[in-house]
Amino acid sequence: MSKVLVTGAAGFIGAHLSKQLCLAGFQVIGIDNLNTYYTPQLKKDRLSTLENFDSFKFIEMDITDEVALQELAKEQVFDYVIHLAAQPGVRYSFEDPHSYIQNNYVGTFTLLNVFKDKNLKHFLMASSSSVYGNALDAPFAVATHNTDHPISLYAATKKGTESLAHTYAHCFGLPITALRFFTVYGPWGRPDMAVYKFTDKLYKGETIDYYGDGKPLRDYTYVDDIVTAIVKLTQTAPQSNYNIFNIGNNTPETVATLINTLEELTSQKAKLNPLPLPPGDVDKTCADVDPLKQHIGFHPATSLKKGLSQFVNWYKQYYNL
Ligand SMILES: NC(=O)c1ccc[n+]([C@@H]2O[C@H](COP(=O)([O-])OP(=O)(O)OC[C@H]3O[C@@H](n4cnc5c(N)ncnc54)[C@H](O)[C@@H]3O)[C@@H](O)[C@H]2O)c1
């Protein structure tokens with residue numbers, strides 16, 4: 001049975017991924033520091049959904065703790081590392097810039113440094129669509145779009161981790177794939193993200209901050225589509241030592257459409273507070289997913305309406321509405 005280390009396993013994508021990996025027959029060790037960027041109770045509740053899998057084990061651990069990671073790598077022989085732990089969010093970098101450098105840059109360096117000589121079959125890691133900055137011509141393609149001009153500290157650290165990864169792939173022959181995720185949403189989602197925040201405010205009758213007249217476009221990608229792609233990439237030999245793929249939906253929608261659809265699904269009317277787009281936020285995102293289609297036959301299968309309906313159902317169940 002292949003063994004996978006998933007970092008950020010109590011996180012939104014990490015918990016979904018850990019479950020799918022167990023169902024696909026992998027043995028999974030998940031680590032997470034359960035930090036308080038958003039309520040750790042949600043992280044613990046996600047972990048409780050994994051309790052029934054004998055092939056899943058959780059260890060509370062910080063990825064910047066090199067000694068603890070070295071111990072773990074001595075005790076266990078991993079075939080794969082899937083690195084999702086990070087300080088996410090664009091706007092929070094104005095409040096706590098250090099957490100981005102520490103968790104994203106130093107954390108990724110620490111993992112790469114520990115696993116550079118452990119004969120991994122593949123090291124996969126989360127990057128982000130934010131590395132494209134305010135690129136104009138959509139869809140954004142790995143091969144043609146410049147990523148030298150990030151416009152948020154979050155994006156800068158993600159771009160920095162891609163550079164670190166390239167160096168480790170080149171110098172140590174470690175096969176690495178960086179995955180640029182595009183606005184992931186779904187059940188157990190992050191409370192700091194639009195889908196969760198808007199749903200929460202709709203049910204509580206609170207006002208929604210409505211940036212840029214609802215015009216910003218986002219390539220909302222359902223979590224199951226992201227996770228299916230990651231599992232397939234884990235089961236497929238990497239094309240070369242260093243690879244980058246977009247994982248997105250290739251169907252951008254406006255924030256206005258997002259709110260309208262959530263209004264319909266919750267049967268609530270939104271109260272909107274119009275505001276300019278904050279610094280760091282980009283105007284649009286849209287993924288070119290053709291290379292991923294060619295490599296693993298990836299097809300995003302979930303429409304925004306279907307995915308939002310799954311989210312709203314989960315939200316109602318979780319909060320007993
Ligand atoms: N959700 C999205 O839309 C999206 C988009 C692009 C990229 N990403 C990337 O995907 C990955 C997963 O995102 P998510 O939405 O699941 O976020 P999340 O915050 O729900 O999950 C990240 C997890 O990492 C943990 N963590 C953070 N720092 C850590 C550290 N130093 N040591 C151990 N654990 C630590 C957190 O406690 C959290 O549980 C992140 O790398 C994120 O940057 C997410």
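Nothing here was measured: the structure is a model prediction, and the numbers come from that model. We count residues from 1, following the sequence as given. Every number for a ligand or one of its atoms is a count from 1 in the order of the listing.
Of the N or O atoms in G11, one or more lie within a sub-3.5 Å distance of an N or O in ligand 1. Where the criterion is an N or O separation shorter than 3.5 Å, residue side chain and backbone included, Q87 fails it with respect to ligand 1. For ligand 1, one of its N or O atoms has an N or O atom of N103 under 3.5 Å away. For ligand 1, the polar-atom distance check against F12 finds a nitrogen or oxygen pair separated by under 3.5 Å.
Within the structure, ligand 1 has S127 among the residues with a heavy atom less than 4.0 angstrom away. Under a 4.0 angstrom heavy-atom cut-off, Q102 registers as lying outside contact with ligand 1. Ligand 1 lies out of reach of Y37, whose nearest heavy atom is not under 4.0 Å from it. In this structure, M193 counts as a contact residue of ligand 1, since one of its heavy atoms falls inside 4.0 Å of the ligand. Not close to ligand 1: G107, with no non-hydrogen atom less than 4.0 angstrom away.
In the displayed structure, K19 atom NZ is contacted under 6.0 Å by at most 12 heavy atoms of other residues, nucleotides or ligands. For K305, the NZ atom sits in a loose shell: 12 or fewer heavy atoms of surrounding residues, nucleotides or ligands are nearer than 6.0 Å. The 12-atom threshold is exceeded at NZ of K197, counting heavy atoms of other residues, nucleotides or ligands nearer than 6.0 Å. Crowding of N273 atom CG: a count of heavy atoms from other residues, nucleotides or ligands under 6.0 Å exceeding 12.
Aromatic rings of H170 and Y242 (six-membered ring for Trp) have centroids beyond the 6.0 Å cut-off, not under it. In this structure, Y222 has its ring center closer than 6.0 angstrom to the ring center of Y185. Taking the six-membered ring for Trp and the full ring otherwise, the centers of Y315 and Y203 sit less than 6.0 Å from each other. A centroid separation of less than 6.0 Å is found between the aromatic rings of Y92 and Y37.
Under the 3.5 Å distance criterion, the side-chain polar atoms of Y100 are matched with a main-chain donor or acceptor of P88.
Of all the heavy atoms of Y185, none lies under 4.0 Å from any atom of ligand 1, so neither backbone nor side chain is involved. At a heavy-atom distance under 4.0 Å, only backbone atoms of M61 (N, CA, C or O) approach ligand 1. With a heavy-atom cut-off of 4.0 Å, A9 does not touch ligand 1 at all. Looking at N33 against ligand 1, both its backbone and its side chain come within 4.0 Å, counting heavy atoms. With a 4.0 Å cut-off on non-hydrogen atoms, L34 touches ligand 1 through its backbone and not its side chain. Neither the backbone nor the side chain of F182 comes within 4.0 Å of ligand 1, counting heavy atoms alone.
Annotation for ligand 1: atoms under 4.0 Å from non-hydrogen atoms of T183 are 3 (O).
For K284 and D219, the salt-bridge test fails: no basic side-chain N is under 4.0 Å from an acidic carboxylate O.
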